[in-house]
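Have a look at the structure below, then the notes.
Every chain is numbered from 1, with letters handed out A, B, ... down the list of sequences. All figures in this text were calculated on a predicted structure; none of them were measured in a lab.
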Amino acid sequence: MKHDSFETKAVPVLVPMPAERPYTYAVPAGMSVVPGSIVRVPLGPREVAGIVWDGPGEAVDARKLRAISHVFDCPPVDQAMRRFVDWIASYTLSPPGMVARMILRAPEAFDPEPWVEGLQRAANDPDRMTAARARVLEMASDGMAWTRSGLAHAAGVSSTVIDGLKAQGVFETVMIPPRPVVAAPDPTYGKAELIGDQDIAAKELRGKGEAGGFSVTLLDGVTGSGKTEVYFEAVAAALEKGKQVLILLPEIALTQAFLERFQDRFGAKPAEWHSDLAPKKRERVWRQLAEGGVRVVAGARSALFLPFKELGLIVVDEEHDPAYKQEDRVFYNARDMAVVRGHIGGFPVVLASATPSVESRVNASQGRYGRAVLSARFAEAALPDIKSIDLRRAPPARGGFLSPVLVDHMRRTLEREEQSLLFLNRRGYAPLTLCRVCGHRFQCPSCSAWLVEHRFRGQLVCHHCGHNEKRPEACPECGTLDHLVACGPGVERIAEEVVGHFPDARTIVLSSDMMGGVKRLRLELEAIAKGEADIVIGTQLVAKGHNFPNMTLVGVIDADLGLANGDPRAAERTFQLLSQVTGRAGRTGKKSLGLLQTYQPEHPVMRAIVSGDAEAFYEREILEREKSALPPFGRLAGIIVSADNRPDAESHARLLRRAAPPARDIHVLGPAEAPLAMVAGRHRFRLLVQGDRPADMQGYLRAMLANGPKIRGSVRVQVDIDPQSFL
DNA sequence: AGCACGCCGACT
DNA sequence: GTCGGCGTGCTC
């Protein structure tokens with residue numbers, strides 16, 4: 001008898017939980033695994049999917065060692081992807097297991113898709129011929145295999161007809177491979193005519209694709225300049241080289257229009273990947289991507305962790321969009337991770353935006369990224385003329401929020417039978433409700449934010465946690481009836497005012513809490529594009545990518561909103577949002593206008609929007625400020641990045657400053673801002689604090705705080721991670 | 001992440 | 001007397 005078990009191998013396996021390193025598992029005799037194999041392993045009381053990692057498994061107590069129970073029949077996770085996981089884990093200070101978990105989120109796809117039963121014409125002829133049978137035979141005369149229901153449907157007969165023919169041996173059963181989830185894109189299909197800047201940019205991107213190797217290009221083009229058509233050329237180049245392509249989009253669920261544009265160019269839709277995807281479809285996309293059947297994926301940030309077989313290009317559209325940041329579990333920005341993935345895989349990355357982020361601008365200006373600029377709008381689409389309305393000089397009527405100047409322009413737009421868009425980034429009727437008698441303010445019981453009145457629903461709603469309650473008639477504090485007063489505007493309230501001014505206009509409100517969900521929203525957007533509304537009042541979601549050909553006026557109700565909330569990126573964010581919103585106007589060739597209602601028309605953001613000079617704005621207002629606000633590296637003892645929230649980090653920082661001299665000069669930044677600081681000031685992480693597991697923080701804190709008060713949350717220390725070390 | 005264990009408060 | 005809250009610890 002042989003004793004192979006003495007030779008039993010042990011391999012490291014990353015399991016989908018917050019382990020700092022792979023666990024070691026035994027490979028049973030007769031089983032073979034390679035690094036990257038997706039396996040099922042016992043873990044505590046359950047079984048989980050894990051990934052065989054590189055290197056020999058570290059020695060582990062024989063009593064603890066357990067065996068891999070199954071190897072999935074699935075292409076192994078390739079080396080580039082494994083390095084990517086390790087890189088992200090070390091960069092984000094996350095346990096590698098948690099990063100691996102993001103790859104393992106299509107559990108059903110690890111087994112091959114089953115072949116389906118199909119029917120194919122066999123030798124026998126039917127005993128009697130009927131009209132229905134004739135139609136079926138006609139359909140099946142091509143000799144191809146059909147599914148039972150597919151054939152019945154195509155021939156317009158009931159499936160019992162098929163069953164009858166099968167029983168007579170007219171059809172035989174054959175197994176057919178699973179249907180591709182999307183058709184193959186054709187890079188030569190609908191090639192667009194590119195002119196001027198577009199042509200130059202497209203050639204540059206194509207050149208980088210054809211040359212191969214890692215590169216990053218910032219494609220910077222105003223709304224309507226044909227950015228998408230330009231980067232489609234890079235996609236075509238990658239497809240021609242036989243590579244797969246990933247296009248990242250910030251909010252894929254609402255980007256139906258994008259899929260259609262892609263289809264117009266490539267003759268087929270890309271595969272979609274986002275959290276709302278039906279589970280069955282999810283599995284099929286995952287599997288066919290791993291096997292190389294799917295060539296292009298358009299997806300949300302999680303698509304970075306798909307098992308591409310031969311990825312050769314990543315495009316990050318709207319690269320500045322905050323939706324690319326994941327802010328739970330593993331904290332990462334998909335835009336930056338896309339660059340890392342490109343570096344590891346040795347292929348080009350394209351970052352596209354009309355309003356590039358500070359980080360990307362700096363990276364481009366310092367030569368780390370290439371830059372292609374599309375300065376003009378495509379064809380006859382002119383940029384809108386943008387002006388600010390000084391609310392101190394032209395204030396709204398009492399109780400209203402629309403300046404007479406804006407109302408006047410709306411009237412003229414209506415008379416020309418064109419559309420107006422009013423933008424206010426605030427859902428509901430009023431952001432605050434108070435009692436005129438006792439001053440009581442309605443507050444959320446669980447998070448203490450103001451409750452927002454939603455008059456249409458008759459509710460008070462917390463926009464932080466979703467808590468909602470019925471709007472009472474009387475003040476809960478003093479009991480006085482009918483003295484509750486709504487303070488400030490939300491979109492519902494603006495709609496009320498608009499209807500007061502223009503009772504005959506077709507007015508519609510668009511916000512994310514609209515009844516009927518995403519489907520209804522999509523329909524409404526189409527209806528508006530077809531001209532079925534005169535005045536649209538909308539929140540942030542109208543700023544994203546939709547085209548309204550007859551929209552010639554955009555009014556921003558409160559351009560100052562968001563400038564005073566303490567966010568270090570407030571000015572940049574506001575600039576981006578206002579650029580995008582005003583960019584909704586003027587894609588028609590008609591003269592169009594953007595109006596900003598503001599109390600501070602001299603604010604740099606307003607001036608930048610009005611003048612259209614983004615470069616100067618970024619150079620003077622963002623970068624210079626950023627550099628002067630942060631101390632140079634030599635003086636910087638630490639940057640604290642709070643994984644949870646800012647107050648948490650602030651309290652940590654106070655304690656650390658008090659506790660230990662090396663940590664005196666500590667700056668608190670949200671997880672989103674740390675990369676910004678590092679890029680702008682060329683800083684390095686010295687210290688990272690995460691509010692999370694008390695157990696993790698003790699070692700460090702004990703050293704730092706001889707006798708300080710207790711800190712809630714965890715502290716982990718990481719020295720000298722250079723965010724640009726991959727470049 | 002999940003799950004078990006364990007220790008204190010309010011109840012069928 | 002139990003049920004159940006979540007704090008703590010463990011998983012190869």
Side-chain angles (χ1 to χ4, degrees), chain A residues 4-72 76-77 82 85-86 88-90 92-110 275 279 282 301-302 304-305 326-332 445-447 465 643-644 648 652 671 690-702 709-716:
Chain A
D4 286 355
S5 53
F6 291 127
E7 298 290 322
T8 297
K9 272 205 315 182
V11 292
V13 175
L14 263 190
V15 286
M17 61 146 205
E20 285 303 330
R21 60 201 157 68
Y23 283 171
T24 302
Y25 284 86
V27 184
M31 178 186 280
S32 81
V33 294
V34 296
S37 293
I38 299 184
V39 293
R40 191 168 58 227
V41 291
L43 181 68
R46 64 217 151 96
E47 293 219 307
V48 296
I51 307 171
V52 175
W53 222 240
D54 302 81
E58 65 182 54
V60 69
D61 187 339
R63 283 168 312 191
K64 274 189 162 185
L65 189 68
R66 299 205 276 150
I68 293 173
S69 46
H70 179 68
V71 187
F72 289 99
V77 175
R82 299 200 301 277
V85 168
D86 284 334
I88 292 180
S90 97
T92 63
L93 306 186
S94 311
M98 290 305 284
V99 184
R101 206 176 83 116
M102 300 195 284
I103 304 187
L104 297 168
R105 269 194 273 183
E108 306 305 318
F110 305 151
S275 54
R282 228 181 151 68
R301 57 176 188 250
S302 59
L304 270 176
F305 298 95
Q326 170 145 83
E327 299 197 329
D328 62 305
R329 298 182 181 107
V330 179
F331 286 61
Y332 69 91
S446 37
C447 45
C465 66
D644 277 338
D648 220 40
H652 289 160
Q690 289 186 324
D692 186 17
R693 303 269 303 196
D696 298 339
M697 73 186 214
Q698 285 166 358
Y700 179 71
L701 276 190
R702 224 173 273 134
K710 281 256 189 315
I711 293 185
R712 292 174 53 81
S714 74
V715 174
R716 297 155 89 194

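In terms of modelled atom types and a separation under 3.5 Å, the side chain of A/Y23 and the main chain of A/L43 share no donor-acceptor contact. No donor-acceptor pair under 3.5 Å is formed between the side chain of A/T24 and the backbone N or O of A/P12.
Of all non-hydrogen atoms in A/P35 and A/R82, the two that sit nearest each other are O-NH1, 3.3 Å.
The distance from atom CZ of A/R66 to atom C1' of C/dC12 is 8 Å, rounded to the nearest whole Å. Separating the CD atom of A/E20 from the C1' atom of C/dT11 is a distance of 14 Å, rounded to the nearest angstrom. A straight line from CE of A/M17 to P of B/dA4 spans 15 Å, rounded to a whole angstrom. Note: CZ (A/R40) to P (C/dC12) measures 16 Å, nearest angstrom. Distance CG (A/L14) to C1' (B/dA1): 14 Å, rounded to an integer number of Å. Atoms CG (A/D61) and P (C/dT11) sit 10 Å apart, rounded to a whole Å. Regarding A/L104, its CG atom lies at a distance of 16 Å from the P atom of B/dA1, rounded to whole Å. For the pair A/L43 CG and B/dG2 C1', the interatomic distance rounds to 9 Å; values are reported in whole Å.
The side-chain hydrogen bond (donor to acceptor under 3.5 Å, both in side chains) check on A/R105 picks up nothing, with sequence neighbours excluded.
A/R63 comes within 4.0 angstrom of no nucleic acid atom, judged by non-hydrogen atoms across all strands. Across all strands shown, A/P22 has no heavy atoms under 4.0 Å from either base or sugar-phosphate atoms.
Nearest nucleotide to the side chain of A/P45, out of B/dA1, C/dT11, B/dC3: B/dC3.
Applying the side-chain hydrogen bond (donor to acceptor under 3.5 Å, both in side chains) test to residues at least two apart or on different chains, the pairs with a partner in residues 28-44 of chain A are A/R40-A/E47.
Looking at A/R282 and A/E108, no side-chain N of the basic residue comes within less than 4.0 Å of a carboxylate O on the acidic one, giving no salt bridge.
Expressed to the nearest 0.5 Å, how far CE of A/M31 lies from NZ of A/K9 amounts to 11.0 Å.
Sorted by residue number, the members of residues 46-59 of chain A with any non-hydrogen atom under 4.0 Å from DNA chain B read A/R46.
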